[in-house]
Enquirer: 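Let me begin by handing over the structure; questions about it come next.
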Amino acid sequence: MSTSHSIAAKKFLENQTYATWHDKTFWGVRAKRDKLAFELPEWERLRDKASAIKRHTLTNIDMYLEMFSEAAEKNGVEVHWAKDAQEFNEIVFNILKSHNAKKLVKSKSMLTEECRMNPYLEERGIEVVETDLGERILQLDHQDPSHIVMPATHLSHDDVGEIFERELNTEKGNHDPTYLTYMARLSLRDEFLTADAGMTGANFGIAATGDIVVCTNEGNADMSTSVPKLQIAAIGLEKIIPDYEALSVFVRLLARSATGQPSTVYTSHFRKARPGADKMHIVIVDNGRSQWLGDPQHWESLKCIRCGACMNTCPVYRWSGGYSYSYFIPGPIGINLGMLRNPKEYSGNVSACTLCLSCQCVCPAKVDLGTQIYKWRQALDSYGVANKEKKMMVKGMDMIFDHLSVYNAATACAHFLNGMGPLVNNGLNPWAYAHKMMKFPKKPFHKQFEDMEKNEK
Amino acid sequence: MSTKKDIIDRCRANIRERLIRPTLTDLNPTVYDDPLEKFISQAQVMGCRVERAKSTDEVDAIIKKVYPDAKIVASSLPYVKSASLNPDTVPDAQALNGVDVGVIRAEFGVAENGSVWVMQKVKERDVCFISENLVAVMPEHVVSNMHEAYGEVSFNDYGYGVFIAGPSKTADIAQVLVMGAQAARSMTLILIPDL
């Protein structure tokens with residue numbers, strides 16, 4: 001009965017103090033999002049526009065990809081195309097190798113996580129330094145992100161303090177976040193100054209002008225690209241949008257949805273290499289996206305702008321944590337992207353949803369996340385991963401509901417089950433897991449209704 | 001080249017229906033009666049210190065007042081006489097490490113989020129980020145929202161521009177807000193009417 005998610009979630013919930021803190025922390029971010037959203041009377045219209053712009057762009061993405069690459073090349077940027085993760089990693093490695101680059105500083109990019117770029121480069125002798133503070137903490141402790149925007153929020157300041165004592169020689173027992181942030185700043189400053197290359201992901205690519213737009217609060221994307229000689233940007237093809245008019249809609253939504261800020265501190269536009277620096281490179285990555293476009297039920301997952309709002313609001317995410325999901329992106333969007341990636345491998349996550357649909361009420365691009373999870377569940381049998389006990393019971397129910405006489409007999413007798421608690425509430429009944437079965441009434445509903453009507457007459 | 005063609009062809013083959021682009025004419029975004037006032041208060045919320053000056057002659061005195069302990073000031077602006085480093089003439093980006101105050105020009109402000117548009121005008125743009133403290137001198141030119149802002153942004157041959165809203169921040173350690181992550185630890189705006 002248990003799914004990969006429910007097994008992992010059970011472990012997460014063993015520490016109730018921590019689980020409660022986790023829930024409160026992310027609900028706090030959701031509340032901040034609400035406060036900022038409600039300050040704008042046009043908020044819902046903005047979401048509508050964002051969705052419509054994405055729908056338009058994705059259904060004309062062939063044209064916009066041509067426009068974007070032409071504009072970038074006109075700016076003097078070398079544009080590369082990667083059909084999958086392997087090609088992406090090879091391209092990045094070859095750019096670095098041809099410039100004899102040994103150390104790469106990078107800002108946060110879920111695309112490089114998706115492609116497992118860091119281990120690929122490290123195996124080939126490149127030192128990769130994450131410069132987003134959260135990502136840096138995880139890198140020092142060899143962990144993966146547990147959230148796409150706040151990657152290390154599952155750690156307490158004591159956890160971080162201990163990691164820094166070990167890795168950065170900070171003062172023993174000084175776990176003050178301001179002190180720890182300052183120590184990370186000093187250590188990363190050295191990395192920026194000595195790096196050969198800097199890499200960013202992209203929040204948006206602007207087709208009309210060829211800009212790579214990166215939004216950060218720390219300024220690490222700018223530090224990564226304004227000091228080293230070589231700049232590389234990695235962008236998933238769905239991140240291309242038409243122009244600045246479209247961008248103005250998304251930047252108003254992004255930070256408000258993500259962290260409850262009116263804007264990120266830095267919204268940086270990169271068009272070309274700095275004077276005296278080497279040529280700038282942009283790598284456009286497909287890795288499944290062009291196929292997903294053709295999925296009539298699920299293509300709109302590609303509208304996602306990776307703000308993380310669906311995770312912050314999701315009761316299952318808040319009470320199970322990012323590591324309970326088997327795909328590298330957790331929460332509602334991760335469930336969907338995992339299923340697009342490989343439904344057999346990642347079907348263990350679709351149970352991580354109560355169908356409350358809070359996610360799609362907050363999604364700035366109006367991805368119908370919960371509805372899509374429901375659709376994936378309906379398709380589980382076709383991937384051969386449907387729950388066997390439930391399948392058997394559904395077959396039994398088919399028999400009952402398809403035959404009126406059987407149904408009437410069954411509902412009339414159902415109350416006999418009430419006295420057989422252990423027989424019903426046992427491990428063989430998948431619906432009795434973690435909750436008790438209902439008590440059946442002596443008189444079934446349709447019988448009660450008939451009697452009521454009779455009495456009225 | 002062939003990968004490019006493959007990817008674009010595969011996209012084209014998988015597009016079922018081409019959807020039209022919406023206009024923003026019915027969006028009715030928030031505009032403020034007094035955008036300047038809203039901008040100043042919002043910039044302060046984002047962690048900026050806001051100073052008003054009548055002319056560029058006052059800029060040096062304001063820097064001295066706000067950052068009395070600053071030893072190294074970097075700027076290419078001719079009226080920043082206290083500058084001992086010029087980001088336009090330093091040999092490389094690394095040379096700006098250790099700058100206490102970087103002074104740059106911003107083009108305009110955005111009321112809804114307190115950000116300013118900075119267009120790269122110097123050889124080494126890291127002066128905006130590597131300096132411990134950032135000062136942006138700007139005209140009293142403010143737009144209400146990002147829709148108006150993106151109608152105003154301009155680029156030059158450097159091909160780089162950034163909206164900056166306050167000092168560098170992070171809450172990556174236990175969700176505690178800390179100013180000064182990897183870039184400037186404080187930001188001061190100096191507004192001058194006729195700049």
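All chains are named by letter (A, B, ...) in the order of the sequence lines, taking the proteins before the strands, and each is independently numbered beginning at 1. These numbers come from a predicted model, not from an experiment.
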Enquirer: Test ring pair (Phe, Tyr, Trp, His ring centres under 6.0 Å) on B:Phe163 and A:Tyr266 and set out the steps.
Expert: CA-CA 6 Å; B:Phe163 283 102; A:Tyr266 303 95; over 10 Å; no

Enquirer: Given a strict heavy-atom distance threshold of 4.5 Å, which part of B:Val178 is in contact with chain A: side chain, backbone, both, or neither?
Expert: side chain

Enquirer: How many angstroms lie between CG in A:Asn60 and SG in B:Cys11, if you round to the nearest 0.5 Å?
Expert: 11.5 Å

Enquirer: Salt bridge or not between B:Glu17 and A:Arg55? Use side-chain N to carboxylate O under 4.0 Å.
Expert: no

Enquirer: Let me see the working for A:Tyr244 and B:His147 under ring pair (Phe, Tyr, Trp, His ring centres under 6.0 Å), right down to the final yes or no.
Expert: CA-CA 8 Å; A:Tyr244 282 170; B:His147 309 294; over 10 Å; no

Enquirer: Shorter than 4.5 Å, heavy atoms on both sides: which option in A:Asp243, A:Asp222, A:Thr194, A:Leu180 has the most such pairs with chain B?
Expert: A:Asp222

Enquirer: Contact part of B:Arg18 toward chain A, heavy-atom cut-off under 4.5 Å: side chain, backbone, both or neither?
Expert: both

Enquirer: For the residue pair A:Glu42 and B:Thr30, confirm or rule out a side-chain donor-acceptor distance under 3.5 Å.
Expert: yes

Enquirer: Among B:Leu24, B:Asn145, B:Asp9, which residue forms the greatest number of heavy-atom pairs with chain A at distances under 4.5 Å?
Expert: B:Leu24

Enquirer: So, taking the atom named CD1 in A:Ile206 and the one named OH in B:Tyr150, what distance separates them when rounded to the nearest 0.5 Å?
Expert: 7.0 Å

Enquirer: Would you confirm whether B:Asn14, through its side chain, and A:Ser290, through its main-chain N or O, come within 3.5 Å as a donor-acceptor pair?
Expert: yes

Enquirer: Give, as side chain, backbone, both or neither, the part of B:Ile15 having an atom under 4.5 angstrom from any heavy atom of chain A.
Expert: side chain

Enquirer: Please determine whether salt bridge (Lys or Arg N to Asp or Glu O under 4.0 Å) holds for the pair A:Lys49 and B:Asp26, giving the CA-CA distance in whole Å, both sets of side-chain angles, and the decisive distance to 0.1 Å.
Expert: CA-CA 10 Å; A:Lys49 296 296 179 193; B:Asp26 55 347; 2.6 Å; yes

Enquirer: For the backbone of A:Asp62 and the side chain of B:Arg12, can you confirm whether one donor and one acceptor N or O come within less than 3.5 Å of each other?
Expert: no

Enquirer: Within the 4.5 Å heavy-atom criterion, are B:Phe155 and A:Asp211 side-chain neighbours or not?
Expert: yes

Enquirer: With rounding to the nearest 0.5 angstrom, report the NZ to CD1 distance, B:Lys4 to A:Ile284.
Expert: 8.0 Å

Enquirer: Is B:Val153 in contact with chain A via its backbone, its side chain, both, or neither, using a 4.5 Å heavy-atom distance?
Expert: side chain

Enquirer: At what distance, to the nearest 0.5 angstrom, does CG of A:Leu46 lie from CG of B:Leu27?
Expert: 5.0 Å

Enquirer: Verify whether one side chain among A:Thr25 and B:Gln175 offers a donor that lies under 3.5 Å from an acceptor in the other.
Expert: no

Enquirer: Heavy-atom distances under 4.5 Å only: say whether A:Thr181 touches chain B with side chain, backbone, both or neither.
Expert: both

Enquirer: Counting only non-hydrogen atoms closer than 4.5 Å, does B:Ile8 touch chain A with its backbone (N, CA, C, O), its side chain (CB onward), both, or neither?
Expert: both

Enquirer: Is it true that B:Glu112 and A:Arg256 make a salt bridge, defined as a side-chain N closer than 4.0 Å to a carboxylate O?
Expert: yes

Enquirer: Is it the case that the side chain of A:Arg45 and the backbone of B:Pro29 share a donor-acceptor pair, with hydrogens and angles ignored and the cut-off at 3.5 Å?
Expert: no

Enquirer: Quick one: OG on A:Ser268 to CD on B:Gln120, what's the gap to the nearest 0.5 Å?
Expert: 11.5 Å

Enquirer: Write out, in numerical order, the residues from residues 56-73 of chain B with a heavy atom short of 4.5 Å from a heavy atom in chain A.
Expert: none

Enquirer: With the threshold set at 4.0 Å, does a side-chain nitrogen-carboxylate oxygen contact exist between B:Asp157 and A:Arg271?
Expert: no

Enquirer: Would you say B:Asp34 has more than 12 foreign heavy atoms packed within less than 6.0 Å of its CG?
Expert: yes

Enquirer: Under 30°, 30 to 60°, or over 60°: which ring-plane class applies to B:Trp117 and A:His269, parallel, tilted or perpendicular?
Expert: perpendicular

Enquirer: For residues B:Asn97 and A:Arg189, is any side-chain donor paired with an opposing acceptor at under 3.5 Å?
Expert: yes

Enquirer: What distance separates B:Arg16 CZ from A:Thr59 OG1, expressed to the nearest 0.5 Å?
Expert: 9.0 Å

Enquirer: Taking the side chain as every heavy atom from C-beta outward, state whether A:Val227 and B:Glu124 have any atom pair closer than 4.5 Å.
Expert: no

Enquirer: Would you say B:Arg10 and A:Gln291 make side-chain contact, with heavy atoms under 4.5 Å?
Expert: yes

Enquirer: For atom CG of A:Leu186, decide whether the heavy atoms of other residues, nucleotides or ligands shown that lie under 6.0 angstrom number more than 12.
Expert: yes

Enquirer: Set out, in order, the CA-CA distance, both residues' side-chain angles and the distance that settles salt bridge (Lys or Arg N to Asp or Glu O under 4.0 Å) for A:Glu66 and B:Lys5, then state yes or no.
Expert: CA-CA 10 Å; A:Glu66 298 266 19; B:Lys5 193 177 175 304; over 6 Å; no

Enquirer: B:Gln94 side chain to A:Leu193 main-chain N or O, any donor-acceptor pair under 3.5 Å?
Expert: yes

Enquirer: Evaluate the criterion side chain to side chain contact (heavy atoms under 4.5 Å, CB included) for residue pair A:Gln261 and B:Val45; output intermediate values, then yes/no.
Expert: CA-CA 10 Å; A:Gln261 297 168 265; B:Val45 168; over 6 Å; no

Enquirer: Under 4.5 Å heavy-atom distance to chain A, tell me which part of B:Glu148 shows up: side chain, backbone, both or neither.
Expert: neither

